[in-house]
Amino acid sequence: MTAPYASDPQASRGRLYPEEESVFRSCFQRDRDRIIHSSSFRRLKHKTQVFIEHEGDYFRTRLTHSIEVAQVARTIAGTLGLNQELTEAVALAHDLGHTPFGHTGEDALSDLMSPYGGFDHNAQAIRIVTALERHYAEWDGLNLTWETLEGIAKHNGPVTGDIPWALAHCNAQIDLELHTHASAEAQVAALSDDIAYNNHDLHDGLRAELFSTDELAEMPLLDGCFAEVDDKYPGLNYYRRRHEALRRFFGILVEDVIAVSRHNLADLNPGSVQDIRHAGRMMVQFSPELWSKLKQIREFLFHRMYRAPEVVEIRSYVTDLIQELFPMFMSRPDLMPKQWRKSVAEAEGETELARIVSDYIAGMTDRYALQEYERLTGKPAIPAGRRATPVQRGG
């Protein structure tokens, strides 16, 4: 850590509940380690990105995605002279609030929670690390530093307008200055998320045979990557060819972010992390030229992968699953595991009960949600004929 605008652990604003600091780890290292050892982080192993639990072992899960984001984030943070441990902590925690079944699960739960304040996965991540992880004797949550909480809450930019209720509850306890930008470390985590999923969704889409290597070779940015591989390795096996091309694509994204961020930081010349927060714009960005080309790739992925007929069909099944489980637990909260019963007994009114049910469903893995649905309803969550989908051919 060399930059004057890096987040200094010695100058941390501290934790909601004061505690004795470690003699051999900085406060940000402790945050990172607490996130890694949390139950919510472990459950990411069986929460998927686009495909779901039964569709193959090779596809990314929320856990492998978070690890990839953290790896990219550490590289960029180190190059920019930022605090790598804080960057890594935010990167590892950024997806903790996701429901089972990716954004499909979030959309379904958000609709069901609309009468009770809604559902937002970023706010849910804050709720998890400040309230729902219950392992410590003296507090609920992980008691993370202000800087890590700020990064989780604001890594995509200032939070304006209607603040999600879960985030508002946390902010009432510890003011995260939601109207400002986050630290440069949190901004690096946000862009690393974009880099990781744009790269690995291309890998996963190819493995699922939702599009071809030849189609990617005609896309902006990717065309040059494939041309470079073909020039250097003529006749290369097509598996190795596409891996080499996507490896170069990955490098282009990382190098672009580093170059643009260096320019932005030099232009602002910040003397402290507070200068970053009050800059009025993101310091860590893609160049306009690359972003324009990347948007074309994202549009391609939207139509050919996220809205592919095979994926949409499975989305309908898991949407129905959540729409059945939610009212079932609302009317019969005793069906939830016993560790939830104390919270249910203390709930004051329908809204509090709905938020407890939402916490329970959001914390489910794909596998557990499928199993619970079948146990409680006696029906298959996904018709037997759809369990062996074309997507499984990849692994």
Side-chain angles (χ1 to χ4, degrees), residues 1-42 44 63 66-96 122 125-126 128-131 133 135-155 170-171 173-177 180-193 196 258 261 265 270-278 283-284:
M1 187 181 72
T2 57
Y5 44 81
S7 295
D8 183 355
Q10 298 297 320
S12 170
R13 300 193 194 185
R15 308 175 187 275
L16 180 61
Y17 303 100
E19 56 180 292
E20 186 175 345
E21 291 299 330
S22 170
V23 297
F24 54 89
R25 290 180 297 168
S26 76
C27 58
F28 300 148
Q29 288 175 305
R30 291 183 84 184
D31 284 357
R32 176 200 59 198
D33 296 347
R34 287 179 180 184
I35 291 163
I36 290 172
H37 288 283
S38 69
S39 299
S40 300
F41 187 74
R42 290 196 298 276
L44 296 180
L63 180 62
S66 296
I67 293 170
E68 290 181 30
V69 173
Q71 176 266 316
V72 176
R74 283 193 68 94
T75 298
I76 297 174
T79 304
L80 297 178
L82 302 173
N83 186 284
Q84 292 176 287
E85 284 73 32
L86 175 58
T87 309
E88 188 176 24
V90 176
L92 292 170
H94 85 282
D95 266 0
L96 290 180
N122 281 328
I126 287 288
I128 286 169
V129 300
T130 58
E133 285 286 333
H135 304 292
Y136 295 91
E138 298 182 45
W139 55 73
D140 288 341
L142 303 180
N143 199 31
L144 303 178
T145 61
W146 186 93
E147 290 77 11
T148 299
L149 293 177
E150 178 212 29
I152 299 170
K154 303 190 308 192
H155 59 276
C170 170
N171 199 59
Q173 296 178 292
I174 179 169
D175 183 6
L176 298 176
E177 299 176 2
T180 68
H181 284 274
S183 65
E185 286 84 358
Q187 294 182 35
V188 166
L191 262 290
S192 299
D193 182 27
I258 290 172
S261 302
L265 290 164
S272 71
V273 65
Q274 281 299 92
D275 291 342
I276 298 289
R277 293 190 176 103
H278 294 282
M283 290 290 102
V284 182

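Here the OG atom belonging to Ser22 is positioned 9.0 Å from the CG atom belonging to Asp33, to the nearest 0.5 angstrom. Interatomic distance, OG of Ser272 versus CG of Asp8, reported as 11.5 Å (0.5 Å rounding). A distance of 5.5 Å separates CD1 of Ile128 from CG of Leu96, quoted to the nearest 0.5 Å. Rounded to the nearest 0.5 angstrom, Glu85 CD and Arg32 CZ are separated by 5.5 Å. Note: Leu191 CG to Met283 CE = 12.0 Å, rounded to the nearest 0.5 Å. Summarising the geometry, atom CD1 belonging to Ile126 is positioned 5.0 Å from atom SG belonging to Cys170; distances are rounded to the nearest 0.5 Å.
Qualifying side-chain contact (heavy atoms from CB on, under 4.5 Å) partners for Thr145, counting only residues two or more places apart in sequence or in other chains: Ser12, Arg15, Cys27, Phe28, Asp31, Glu147, Thr148. Here Arg42 pairs with Ser39 under the side-chain contact (heavy atoms from CB on, under 4.5 Å) rule; sequence neighbours left out. In this structure, the side chain to side chain donor-acceptor pair (under 3.5 Å) partners of Glu68, at least two apart in sequence or on a different chain, are Arg60. With sequence neighbours left out, Ala70 forms a side-chain contact (heavy atoms from CB on, under 4.5 Å) with Glu88, Ala91, Leu92. Every residue meeting the salt bridge (Lys or Arg N to Asp or Glu O under 4.0 Å) condition with Glu177, not counting sequence neighbours, appears here in chain and number order: Arg13. Legend: residues meeting side-chain contact (heavy atoms from CB on, under 4.5 Å) with Asp193, ordered by chain and number and at least two apart, are His65, Val69, His94, Tyr197.
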Worked verdict on Arg277 versus Glu150 for salt bridge (charged side-chain N to carboxylate O under 4.0 Å, His left out):
CA-CA 11 Å; Arg277 293 190 176 103; Glu150 178 212 29; 2.7 Å; yes

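The two residues Asn122 and Ile152 make their nearest non-hydrogen contact at O-CG2, 4.5 Å. Of all heavy-atom pairs between His181 and Ile276, the closest is CB-O, 4.1 Å. The nearest pair of heavy atoms linking Phe41 to Ile35 is CB-O, 3.1 Å. Contact record, Ala182 with Gln187: O-NE2, 3.1 Å, taken as the closest heavy-atom pair. Heavy atoms only, all atoms of each residue included: Ala6 and Asn83 are closest at CB-N, 4.1 Å. Minimum heavy-atom separation, Leu144 to Arg34: CD2-CB, 4.4 Å.
Checked by atom type and distance alone, the side chain of Glu185 never pairs as donor or acceptor with a backbone atom of Leu86 at under 3.5 Å. Distance alone, capped at 3.5 Å, places no donor-acceptor pair between the Lys154 side chain and the Ala186 backbone.
Among Arg30, Glu133, Glu19, the single residue meeting the side-chain hydrogen bond (donor to acceptor under 3.5 Å, both in side chains) criterion with Asn143 is Glu19.
At a threshold of 4.5 Å between non-hydrogen side-chain atoms, the residues Trp146 and Ile174 count as touching. With contacts defined as side-chain heavy-atom distances shorter than 4.5 Å, the pair Thr130/Leu149 qualifies. Using a 4.5 Å heavy-atom cutoff, the side chains of Leu265 and Tyr5 are in contact.
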